[in-house]
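Note that the structure is predicted; figures quoted are calculated from it, not measured. Chain identifiers are assigned alphabetically (A, B, ...) following the order of the sequence lines, protein sequences preceding nucleic acid strands; residue numbering begins at 1 within each chain.
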Amino acid sequence: MKRTHHCNELRPAHIGQTVTLTGWVHSRRDLGGLIFIDVRDREGRTQTVFDPSDLSAELFKRAEQLRSEWVVAVTGKVRRRPEGTNNPKIATGEVEVMAVSLEVLNVAEVLPFPVDDPEAAARVNEELRLKYRFLDLRRPEIARNLRLRSKVATATRVFFDEEGFLEVETPILFKSTPEGAREFIVPNRREPGTFYALPQSPQQFKQILMVAGVEKYYQLARCFRDEDQRADRQLEFTQIDIEMSFIEREDIYRLIEGLLKRIWKVALNVDIPTPFRRLKYEEAINRYGIDKPDTRFGMEIVDFTEEFRGSSFKVFSGAVANGGVVKALNAKGLAGATQGQMETMTDTARSFGAKGLAYIKVEGGEWKSPIVKFFTETEKAALTAKLAIEEGDLILFAADQWLNACEILGKIRLYCAEVLRGQGKLNLPADRFDFLWVVDFPLLSFDKENNRWYSSHHPFTAPVAEDIPLLKTDPKRVRGQHYDIVVNGTELGGGSIRIHQPDVQKTVFEEVLQIPPDLVKARFGYMLEAFKYGAPPHGGIALGFDRLNAILCNTPSIRDVIAFPKTAKGVCLMTESPGSVEPKQLRELHLELKVPRKD
RNA sequence: GGGGGCGUAGCUCAAUUGGUUAGAGCGCUGCCCUGUCACGGCAGAGGUUACGGGUUCGAGCCCCGCCGCUCCCGCCA
């Protein structure tokens with residue numbers, strides 16, 4: 001019964017050998033007097049033949065009983081396939097195994113969806129695939145993703161080992177630090193009314209590890225965030241988490257460029273050029289309207305604030321007078337946008353508080369637009385020149401405060417790219433990867449509703465040294481030593497150089513973020529305490545491991561690279577978790593439910 | 001919390017303006033078939049149209065509710 005070869009191993013060189021294969025019945029072709037059974041295992045598949053002229057009637061009869069996905073061991077002699085019957089689609093297609101014995105290791109019921117037909121299986125409702133995840137994972141297409149993920153994890157560990165990093169595990173049972181994402185909490189049986197919380201990330205532990213003298217830490221860390229899900233967000237996910245001491249930003253850039261170079265080589269055998277280009281946050285917003293720009297295509301946003309400062313078109317000149325800006329982008333070749341597409345874009349603009357979306361369609365040598373009648377020849381000439389306007393173009397405008405105007409056009413730029421892609425006018429090759437660093441983020445953002453500053457990244461991010469004096473005088477101008485790594489418009493990760501001076505950290509907590517001292521002490525006291533005892537300068541980064549794998553597997557959803565993902569509502573359809581617990585368990589935890597128990 | 005899409009046979013889908021007994025392909029079952037690999041041929045079984053109401057002479061289709069999946073916004077320090 002023990003196999004001698006796997007199902008992707010036999011070649012003409014094995015002809016004449018007696019072998020045993022084990023695996024699943026991938027497909028059967030019963031020709032009446034001759035039966036072909038393709039045996040599949042993790043590695044591939046091999047055709048076995050049951051020929052009654054060589055077999056007992058009993059064995060042939062058993063072979064007739066075989067059905068899809070039964071588990072079998074087949075022993076037989078490898079031989080060359082008869083002339084003209086090779087199957088070039090599979091690696092073992094030049095040979096076949098003439099069965100002499102068959103052992104049925106297990107039977108299988110009729111499957112709820114096909115596993116053997118890649119095209120049919122790919123179209124099956126994801127709900128069903130998730131319920132029968134064990135079948136979905138048998139499909140070579142999905143199994144390939146798991147295998148790639150394992151390879152990438154190993155490459156990561158090897159890389160960091162070579163670089164002198166220590167892999168350190170940090171607690172899953174942590175405590176609540178409610179500044180960030182909503183947390184999962186775990187009741188503590190030993191002390192009624194107290195709770196652990198699952199970490200949103202190992203942020204604080206990895207900084208403490210720097211104080212502990214680890215110097216170079218990494219971990220493939222599981223993180224938990226109880227927020228609503230997306231195609232690229234699960235309740236639990238994995239980060240490649242990194243922290244280093246005695247370094248500057250450049251050291252992180254070099255390290256991550258080396259890591260990604262290694263991963264792309266190992267996973268895809270692709271050489272990605274390094275170093276990556278760098279884009280200041282402000283420039284990213286100005287040109288692309290987003291802090292994670294997709295630079296695989298142009299359609300950049302262009303500024304027309306000066307051109308329209310004195311315009312008779314009051315929507316533009318008024319916005320400028322209010323301290324705002326006028327921006328435009330040229331959606332090349334989209335003059336034929338449908339009514340529905342124009343509406344979608346207008347709705348996008350409205351969702352950002354704009355009153356509408358000004359546009360010009362360049363069709364038949366004319367500018368078709370409700371607003372062009374307000375423009376002077378000079379203004380038109382400026383548009384033509386700076387946007388390189390040609391027949392068939394669609395020009396879209398935003399006039400608002402700087403960030404809002406840019407973000408509106410940023411969203412519209414991505415939408416236009418999607419439309420153009422659908423029309424075949426924009427081609428983005430699957431093997432193209434535009435990596436870039438986005439740097440010089442503002443350290444702080446202002447929360448109008450609560451009238452206070454909050455950290456753009458997190459409160460441990462160090463200000464750029466020369467901006468420290470501005471912390472108390474002009475917070476919005478303080479740049480953080482924060483960096484994001486972006487590829488093809490996806491935020492792959494981010495990190496920062498941290499504050500290592502207790503006094504600066506205290507200033508940020510108490511004076512800038514206005515967190516009351518007792519609260520700072522309760523939540524971060526142990527960190528400030530640790531920092532008193534010789535904290536080295538340090539910094540780090542975390543990369544989304546699931547997103548990384550989704551990009552490598554060229555799939556839009558991280559569910560495709562997670563063995564057992566949850567649905568948008570946080571449910572595992574296979575195990576039906578989460579579920580209810582026994583009253584006894586609740587009593588032990590000193591918990592009482594205010595909703596009826598769900599069974 | 002909000003908005004969009006989807007839900008018909010085991011799977012993928014169809015079903016004209018609301019009108020006869022809800023169809024097709026694949027899969028499944030049986031029979032036939034010695035070179036198939038999407039094997040082929042013949043025959044057959046298989047439906048609470050997600051679920052609950054309503055309108056109507058009549059509902060897969062219209063209305064209300066509800067459940068599930070999905071995409072997006074909010075949210076994700």
Under 4.0 Å, counting only non-hydrogen atoms across every strand here, what does [X] touch: a base, just sugar-phosphate, or nothing?
X	result
A:N86	base
A:P82	base
A:K411	sugar-phosphate
A:R129	nothing
A:A231	sugar-phosphate
A:L128	sugar-phosphate
A:R233	base
A:Q204	nothing
A:A120	nothing

Inset, instruction - With rounding to the nearest 0.5 Å, note down the distance linking CG in A:L137 to CZ in A:R139. - result: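 Reported to 0.5 Å precision, the distance equals 9.5 Å.
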
Legend entry - Salt bridge present between A:R133 and A:D136 (N-O < 4.0 angstrom):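 Judged by the 4.0 Å cut-off on N to carboxylate O distance, A:R133 and A:D136 do form a salt bridge.
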
Inset, instruction - Please determine if A:K569 and A:D228 form a salt bridge, counting it only when a charged side-chain N lies under 4.0 Å from a carboxylate O. - result: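 No, no charged N to carboxylate O under 4.0 Å.
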
With respect to the phosphate group of [N], does any side-chain polar atom (N or O) of [X] fall under 4.0 Å of OP1 or OP2?
X	N	value
A:R80	B:rG35	no
A:S351	B:rC73	no
A:K89	B:rC37	no

Both distances below 3.5 Å, Watson-Crick or wobble geometry, any strand: find the nucleotide opposite [N].
N	answer
B:rU55	none
B:rC31	B:rG41
B:rA24	B:rU12
B:rC69	B:rG5

Tell me if the side-chain of [X] makes a donor-acceptor pair with the base of [N], cut-off 3.5 Å, by modelled atom types.
X	N	result
A:R45	B:rC37	no
A:Q47	B:rU36	yes
A:E109	B:rG10	no
A:R230	B:rG74	yes
A:D228	B:rG74	yes

Of the candidate nucleotides [options], which contains the atom at the shortest distance from the side chain of [X]?
X	options	value
A:V124	B:rC11, B:rC69, B:rG35	B:rC11
A:S53	B:rU34, B:rU12, B:rG10	B:rU34
A:L31	B:rC37, B:rA38, B:rU34	B:rU34
A:F36	B:rU12, B:rG74, B:rU36	B:rU36
A:N125	B:rC69, B:rC39, B:rC76	B:rC69
A:D38	B:rU12, B:rC37, B:rU36	B:rC37
A:E127	B:rC69, B:rC33, B:rC37	B:rC69
A:P112	B:rC37, B:rC69, B:rG10	B:rG10

For atom [atom1], what is the distance between [N] and [M], given to the nearest Å?
N	M	atom1	answer
B:rG60	B:rG19	P	10 Å
B:rC26	B:rC42	P	11 Å
B:rC61	B:rA14	C1'	13 Å
B:rU49	B:rC73	P	37 Å
B:rC66	B:rA50	C1'	10 Å
B:rC32	B:rC71	C1'	50 Å
B:rG35	B:rU20	C1'	49 Å
B:rC11	B:rC37	P	27 Å

d([atom1], [X]; [atom2], [N]) in whole Å:
X	N	atom1	atom2	result
A:I408	B:rC73	CD1	P	15 Å
A:H26	B:rU36	NE2	C1'	14 Å
A:L34	B:rU34	CG	P	9 Å
A:E227	B:rC72	CD	P	16 Å
A:D51	B:rU34	CG	P	11 Å
A:L235	B:rC76	CG	C1'	11 Å
A:E126	B:rC11	CD	P	16 Å
A:L414	B:rC73	CG	P	11 Å

Inset, instruction - Would you check, one step at a time, whether the test ring-ring contact (aromatic ring centres under 6.0 Å, His included) holds for A:F60 with A:F50? - result: CA-CA 7 Å; A:F60 191 76; A:F50 291 80; 7.6 Å; no

Legend entry - Ring centres under 6.0 angstrom apart (A:F205, A:F174):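 A:F205 vs A:F174: aromatic centres under 6.0 Å.
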
Inset, instruction - Walk me through it: do A:T48 and A:F36 pass the test side-chain contact (heavy atoms from CB on, under 4.5 Å)? - result: CA-CA 6 Å; A:T48 65; A:F36 297 98; over 6 Å; no

Inset, instruction - Begin with the C-alpha distance, continue with both residues' side-chain angles, and end with the deciding distance and a verdict on side-chain contact (heavy atoms from CB on, under 4.5 Å) for A:F509 and A:L519. - result: CA-CA 10 Å; A:F509 277 140; A:L519 207 57; over 6 Å; no

Do any N or O atoms of the protein come closer than 3.5 Å to N or O atoms of nucleotides 26-30 of chain B, and which pairs are they?
{"unit_1": "B:rU29", "atom_1": "OP1", "unit_2": "A:R67", "atom_2": "NE", "d": "3.0"}

Inset, instruction - Find which nucleotide of RNA chain B each of A:F113 and A:K566 is nearest to by heavy atoms, and output the residue with the more 5' nucleotide. - result: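 Here A:F113 is the residue nearer the 5' end.
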
Judged by modelled atom types alone, do [X] and [Y] share a side-chain donor-acceptor pair under 3.5 Å?
X	Y	value
A:Q481	A:T461	no
A:R29	A:Q47	yes
A:Q204	A:Y526	yes

Inset, instruction - Might you work through the side-chain contact (heavy atoms from CB on, under 4.5 Å) test for A:H14 and A:H5, ending with a clear yes or no? - result: CA-CA 10 Å; A:H14 297 92; A:H5 298 76; 3.7 Å; yes

Legend entry - Over 12 foreign heavy atoms within 6.0 Å of CD, A:E109: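 No.
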
